[in-house]
Amino acid sequence: MSEPQAAQDLLRNAPVFPSVLPDFDPDRTPDSPLELFLDWLSNAIDAGLPAPHAVNVATIGQDGMPDARVVILKDVGEQGWSFASSSESPKGRQLKVSPSAALNFFWPTVGRQIRIRGKVHQGAARENAQDFRRRNPVARALVLAGRQSDVMTSNPDAAVRGQLERLEADNEIVPPDWTVYTVAAGTVEFWQADENRRHTRLRYSWVDRRWKKELLWP
Ligand SMILES: Cc1cc2nc3c(=O)[nH]c(=O)nc-3n(C[C@H](O)[C@H](O)[C@H](O)COP(=O)(O)O)c2cc1C
């Protein structure tokens, strides 16, 4: 076990953002956060950032405590930001009771963060099925074999093998709990790091059926 002081030193000496960061002029931003998100996403992909589509999703637990985990962004459009999971998982049960969420993208090599908050809508059966069928067979077999986040009491190999055989016999199988969740953004905030700590924050808020833009203190 390291000393508390050693942990503080470790943290203080941790690498920070690169000194060359992309320009961000909030005066030259589009009216819609979707357009800016897609621009930043392509920039993150071009910069070679690993897993730029991995996003932290925060939900409200049934005990009132926040909960968060990383998922993969499956789609984004006028309807919102979509990810997929089991409605029987803890996050799925939380979203059933409190259908709202916060998403957080952090792209360190370009010094960027995007925060999204909004109501969550569940996908229609066709959309859920389409997403599930696009998954890799092992990922599908895992969903079919057990309930996500349940305590594992036995070796899962045989159960997964069994589900893979089931999928080989019928590739169309879709479990009823697989769900696409779409966060309809009420606010979207873009945060750009600056090497001199003059970070820029631009927040879009959906007010009176249009996007309002405001700068926030860092
Ligand atoms: C990079 C990455 C991507 C992930 N993608 C997903 C995903 O798309 N869907 C999902 O249900 N879990 C995904 N997970 C696993 C979740 O983080 C989490 O462990 C799981 O969904 C159970 O969460 P819950 O107990 O809060 O419901 C991913 C984890 C990581 C680290």
Side-chain angles (χ1 to χ4, degrees), residues 14 37-38 40-77 79-110 112-157 159-160 163-164 166-167 171 173-185 188:
F37 176 84
L38 291 171
W40 278 30
L41 178 65
S42 355
N43 180 283
I45 292 168
D46 291 348
L49 204 132
H53 54 347
V55 58
N56 214 305
V57 183
T59 47
I60 306 160
Q62 276 129 298
D63 54 2
M65 294 277 285
D67 203 357
R69 76 294 289 157
V70 172
V71 296
I72 291 295
L73 185 75
K74 292 295 186 72
D75 197 9
V76 56
Q79 74 291 349
W81 280 254
S82 304
F83 62 93
S85 194
S86 162
S87 61
E88 295 297 326
S89 68
K91 78 180 88 45
R93 282 178 271 144
Q94 291 163 359
L95 286 168
K96 199 173 287 169
V97 179
S98 306
S100 52
L103 304 179
N104 188 282
F105 294 87
F106 176 47
W107 296 330
T109 51
V110 287
R112 286 177 166 175
Q113 169 184 237
I114 303 174
R115 297 168 65 178
I116 298 158
R117 299 177 78 213
K119 292 277 169 213
V120 176
H121 304 284
Q122 294 199 18
R126 228 181 93 183
E127 185 185 2
N128 300 338
Q130 199 174 49
D131 180 87
F132 187 78
R133 291 193 183 116
R134 281 201 194 121
R135 286 170 69 85
N136 150 300
V138 175
R140 277 186 281 160
L142 279 163
V143 173
L144 291 165
R147 193 156 83 168
Q148 194 177 43
S149 301
D150 271 4
V151 173
M152 203 181 257
T153 50
S154 57
N155 185 318
D157 291 354
V160 174
Q163 294 302 333
L164 275 170
R166 215 180 132 205
L167 283 165
N171 201 32
I173 297 171
V174 176
D177 57 307
W178 193 254
T179 307
V180 174
Y181 293 98
T182 299
V183 182
V188 185

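Treat the numbers as computed from the prediction; the structure is a model and nothing was measured. Counting starts at 1 for both ligands and their atoms, in listed order.
- The main-chain N or O of Thr59 is never found under 3.5 Å from a side-chain atom of Asp67 such that the two would form a donor-acceptor pair.
- Considering only non-hydrogen protein atoms, atom 9 (N) of ligand 1 sits nearest to Ala84 O, 3.0 Å.
- Between the side chain of Ser86 and the main chain of Glu88, a donor-acceptor pair closer than 3.5 Å is present.
- At a 4.0 Å heavy-atom cut-off, ligand 1 does not touch Ala51 at all.
- Applying the side chain to side chain donor-acceptor pair (under 3.5 Å) definition to pairs two or more places apart or across chains, those involving residues 97-108 are Asn104-Gln113.
- How far CH2 of Trp178 is from OG of Ser85: 5.0 Å, rounded to the nearest 0.5 Å.
- Checking only distances, Ser149 does come within under 3.5 Å of ligand 1, N or O to N or O.
- Counting protein heavy atoms under 4.0 angstrom from atom 19 (O) of ligand 1 gives zero.
- When only non-hydrogen protein atoms are considered, atom 12 (N) of ligand 1 lies nearest to Gln148 NE2, 3.6 Å.
- Side-chain N or O atoms of Ser87 include one that pairs as donor or acceptor with a backbone N or O of Asp177 at under 3.5 Å.
- Evaluation of the side-chain contact (heavy atoms from CB on, under 4.5 Å) rule for Ala51 yields His53, Ala54 as partners, not counting sequence neighbours.
- The distance from ligand 1 to the heavy atoms of Ser85 drops below 4.0 Å at these ligand atoms: 10 (C), 11 (O).
- For atom 3 (C) of ligand 1, the nearest protein heavy atom (residue, atom name, distance) is Ile72 CG1, 3.7 Å.
- Between Val71 and ligand 1, no pair of N/O atoms sits closer than 3.5 Å.
- Considering all non-hydrogen atoms of both residues, Val143 and Pro175 come closest at CG1-CG, 3.9 Å.
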Inset, instruction - Could you give me the CA-CA distance, side-chain angles and deciding distance for Phe132 and Leu144, then say whether side-chain contact (heavy atoms from CB on, under 4.5 Å) is met? - result: CA-CA 11 Å; Phe132 187 78; Leu144 291 165; 4.2 Å; yes
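- For the pair Arg135 and ligand 1, the shortest N or O to N or O distance does not fall below 3.5 Å.
- The protein atom (non-hydrogen) at minimum distance from atom 2 (C) of ligand 1 is Val70 CG1, 3.6 Å.
- No part of Lys74 comes within 4.0 Å of ligand 1, judged by heavy-atom distances.
- For Lys91, a nitrogen or oxygen atom sits less than 3.5 Å from a nitrogen or oxygen atom of ligand 1, counting backbone and side chain alike.
- Given atom 26 (O) of ligand 1, the protein heavy atom at minimum distance is Arg69 NE, 2.7 Å.
- Of the inter-residue distances, the one linking Phe37 atom CZ with Leu73 atom CG reads 5.5 Å to the nearest 0.5 angstrom.
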